[in-house]
Each structure stands twice: as structure tokens, then as C-alpha cells.
Number of protein chains: 2
Amino acid sequence: MSGVLHVLLHMAAFEGAATSERLAAVMGTNPVVVRRLMAGLRDLGLVGSVKGHGGGWKLACDLDRVTLRDVYVALGSPGILAMGHRREEPTCLVEQAVNAALGTAFEDVERLLLERFSDVTLGTLSADFRARLTSSDLCGQERQPDVA
Amino acid sequence: MSGVLHVLLHMAAFEGAATSERLAAVMGTNPVVVRRLMAGLRDLGLVGSVKGHGGGWKLACDLDRVTLRDVYVALGSPGILAMGHRREEPTCLVEQAVNAALGTAFEDVERLLLERFSDVTLGTLSADFRARLTSSDLCGQERQPDVA
DNA sequence: TCTCATGCAACTGGTTGTGTTGCATGAGAT
DNA sequence: ATCTCATGCAACACAACCAGTTGCATGAGA
């Protein structure tokens with residue numbers, strides 16, 4: 001999730017298409033790893049890919065219309081919580097009691113997180129990034145090489 | 001977490017000390033795995049162990065005074081969420097923006113979960129289990145062998 | 001002293017995520 | 001046409017992690 005947002009925002013900062021190699025350099029990882037990630041995002045309609053000379057990855061969505069929730073759901077609504085039930089439908093009555101108690105708490109938590117995610121768009125994050133960029137400039141710090 | 005609660009409630013249902021072997025049978029796992037788990041709980045004061053003949057594990061806490069939150073904190077407040085920050089203190093401004101947005105959401109979620117956990121004691125769960133047990137009896141279903 | 005049970009260390013096996021290499025494919029530039 | 005660049009895809013290497021397993025030492029009671 002964090003990685004996905006990172007890539008998307010970097011792409012937003014780029015002009016034109018970004019190659020896997022370039023994104024890999026930004027993310028501090030390998031071009032193939034980037035392709036694996038981006039292939040999933042492409043299937044979800046968030047980005048598009050162009051092969052050949054001058055090709056690469058481009059955003060295929062409106063930053064202001066995509067919320068973090070959309071991204072999360074697009075990712076297949078992966079389990080939010082690090083903990084889960086030991087068994088999903090246990091015959092053990094103890095387990096059932098535990099699952100019932102934890103289950104309601106987990107649902108509440110999931111609902112809250114989705115709610116928070118719905119409030120933030122990629123555009124919001126991008127704006128926040130740009131704000132940090134100018135603020136960084138004002139402080140006289142050198143600009144990050146990966147956002148040029 | 002789920003496993004810990006499971007063990008503790010089963011111990012509450014037992015009379016006297018429970019051996020690792022017995023608990024392992026209940027949990028469908030290995031005695032050594034149980035010991036590894038229980039050793040942690042013992043260091044936290046939740047259970048006690050007695051070696052030798054007739055020994056085993058016994059609860060060392062009052063079920064009604066221990067909340068799920070206590071258990072969770074005793075477990076070292078492990079990360080609740082399956083997702084985290086790509087990097088904790090990134091120099092990359094994009095990453096900072098992402099972390100800021102996700103961070104506040106994560107904090108809210110963590111706060112809510114702890115709140116929910118504070119509302120439930122082990123005694124609550126144990127009572128729920130007993131209710132399910134009698135309800136199960138009324139339905140004429142056979143009693144679980146692992147809670148006898 | 002015999003038995004039972006924890007305590008502990010070491011090894012195994014499966015899973016997962018990451019990185020890496022190699023090659024095929026498609027699209028533009030020359 | 002062909003050369004170059006970039007994605008697409010498969011396969012393998014690698015470390016981390018967890019669960020399971022084995023073996024033996026230790027302590028406590030019968």
C-alpha cells in the first residue's frame with residue numbers, strides 16, 4: 001500500500017512516461033520488481049504502460065477522483081490487520097467466543113480505516129508533497145534528486 | 001493474539017494445572033510450540049508453570065481484571081496493521097507525505113482497537129464461552145471433547 | 001530412583017517477499 | 001530493414017519467518 005502510493009505520486013511528479021528503471025531508482029529497488037507491482041496497477045486501471053522506445057508508465061486516472069480507499073480496494077482489500085482468527089469457522093466453542101469478540105472489534109476497525117481512506121485522494125497527497133517541496137526549498141535544503 | 005486468548009480460556013475451563021501436551025491437543029499443535037507461547041505469557045505474569053509430576057500451566061491472573069488490551073500490550077503491542085510505512089523516516093518528500101497521511105489514519109485505527117479491547121475482559125469471553133456451551137447442550141449436540 | 005513435565009537448543013520444512021537473470025515481444029528511431 | 005529501448009514473462013536464488021520436530025537436560029513429586 002505504502003509502496004503503491006509512493007510510486008503513483010512519483011509518477012504524478014514526472015513529466016510524461018516513467019520507465020521501470022527510473023521508478024526503480026526512485027524506489028530503491030529493481031526494475032522487475034517495479035514491473036510486477038505496476039502490472040497489477042495496470043490491470044486495475046490505475047496506470048497504463050507503453051512499450052518500445054520512449055515508452056514507460058503513465059497515470060491512467062484522475063488524482064483528484066481516486067481515494068486511498070479506491071487504491072486499497074483495487075489492491076484486493078488485503079487484510080488490514082496483522083492478526084486474524086486462528087480458524088475461520090471453528091467447532092471449538094472457545095474459539096467461537098474468541099472469534100466473536102475479536103470479530104466485532106476488527107469490523108469496527110476496518111470500517112474506520114476505510115472511512116479515513118475515503119477522505120483522502122491521491123490529489124491531496126500530491127498537494128501535500130508539493131507543499132513539502134516548496135517548504136524544503138524555503139529552508140535552503142537541496143532538492144531531492146528523485147523528484148526533479 | 002487469537003491463539004493466546006484461546007489458550008487462556010481453555011486453561012480457565014480446566015481444573016488444576018494443564019500440561020503442555022494437553023493444551024497442544026486442544027490447540028491442534030505441538031507441545032513445544034505451546035511451551036514457547038506459554039513461556040512468553042509466564043514472563044508477562046499471565047500464567048505460571050510448575051515442573052515435575054502433576055505440574056503444568058495455571059492461570060496467574062484474575063480473568064475479570066485482565067482486558068484484551070492488557071493481553072495485547074503484554075504481547076508487546078505488536079503491529080496491529082498488516083501494512084506499514086515503506087520507510088520510517090524517509091528523506092524522500094513523497095514518502096513523507098504518504099507516511100503523514102497513512103500515519104494519522106493508522107493512529108486513529110490503533111486507538112479504536114485499543115478502546116474496543118479495553119471493553120472486554122477475559123472473564124467476558126469465558127462467560128460467553130460457557131453460554132455457548134450450555135446453548136450447545138440444549139441443542140443436543142455432543143460436547144466438545146477438548147472442554148470436558 | 002523412577003516417572004512426569006517443563007526448559008532449552010538445534011534442525012527441518014513450507015511459505016513469503018525480494019532480487020536477479022535471461023529471453024521474447026512490441027514499438028519507435030535511424 | 002534493423003537497431004535500440006522498453007515492457008512482459010518465466011525461472012531461479014536468496015533470506016526471513018513461522019511451525020513443527022527431535023533430543024536432552026533439569027526439577028519435582030510418587
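Given the structure is predicted, the values throughout are model-derived calculations rather than measurements.
Although no hydrogens or angles enter the test, the distance criterion places a donor-acceptor pair under 3.5 Å between the side chain of Arg86(B) and the main chain of Met27(A). The backbone N or O of Pro90(A) sits less than 3.5 Å from a side-chain atom of Gln96(A), completing a donor-acceptor pair. Listed for the Asp70(A) side chain is a donor-acceptor partner under 3.5 Å among the backbone atoms of Thr67(A).
Using a 4.0 Å cut-off, some side-chain N or O of Ser49(B) falls inside it from OP1 or OP2 of dG7(C). Between Asn30(A) and dT20(C) there is a side-chain N or O to OP1 or OP2 distance below 4.0 Å.
With dG8(D), dT18(C), dT7(D) as the candidates, the nucleotide lying closest to the side chain of Arg42(A) is dG8(D). In the set dT6(C), dT7(D), dC9(D), dC9(D) carries the atom at the smallest distance from any side-chain atom of Val32(A). With dA29(C), dA19(D), dG8(D) as the candidates, the nucleotide lying closest to the side chain of His53(A) is dA29(C). Which of dG7(C), dT22(D), dA10(C) sits closest to the side chain of Arg36(B) comes down to dA10(C). Closest to the Val33(A) side chain, of the nucleotides dG19(C), dT7(D), dG7(C), is dG19(C). With dT25(C), dG20(D), dT6(C) as the candidates, the nucleotide lying closest to the side chain of Thr29(B) is dG20(D).
Searching all strands for a Watson-Crick or G-U wobble partner of dG29(D) with both distances below 3.5 Å returns dC2(C). In a base pair of the Watson-Crick type (N1 to N3 plus N6-O4 or O6-N4) or a G-U wobble (N1-O2 and O6-N3), with each distance short of 3.5 Å, dG17(C) is matched with dC14(D). Nucleotide dG7(C) forms a Watson-Crick or G-U wobble pair with dC24(D), both donor-acceptor distances falling under 3.5 Å.
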Please assess Leu5(B) against Leu122(B) for the test side-chain contact (heavy atoms from CB on, under 4.5 Å), listing each intermediate value before the final yes or no. CA-CA 8 Å; Leu5(B) 297 178; Leu122(B) 294 181; 3.7 Å; yes
side-chain contact (heavy atoms from CB on, under 4.5 Å) assessment of Leu125(B) paired with Leu68(B): CA-CA 10 Å; Leu125(B) 288 186; Leu68(B) 298 194; 3.9 Å; yes
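For the pair Gly28(B) and Arg35(A), both in contact range of DNA chain D, the more 5′-proximal nearest nucleotide belongs to Arg35(A). Nearer to the 5' terminus of DNA chain D, by closest-nucleotide assignment, is the contact made by Gly55(A) (compared with the other of Val50(B) and Gly55(A)).
Rounding to whole angstrom units, CG of residue Leu23(A) and C1' of dG8(D) are separated by 16 Å. Atom pair Lys58(B):NZ and dA5(C):P shows a separation of 15 Å (rounding to whole Å applied). For the pair Met38(A) CE and dC9(D) C1', the interatomic distance rounds to 17 Å; values are reported in whole Å. Atom NZ of Lys51(A) is separated from atom C1' of dC23(C) by 13 Å (rounded to the nearest Å). For Leu37(B) and dC8(C), the CG to C1' distance is 16 Å, given to the nearest whole Å. Distance Met83(A) CE to dC18(D) C1': 17 Å, rounded to the nearest Å. In this structure, CG of Asp43(B) is placed 15 Å from P of dT6(C), rounded to the nearest angstrom. As rounded to whole Å, 13 Å separates atom P of dT21(C) from atom CD of Glu21(A).
Aromatic ring pairs are classed by plane angle as parallel below 30°, tilted from 30° to 60° and perpendicular above 60°; the pair Phe106(B) and Phe117(A) is tilted.
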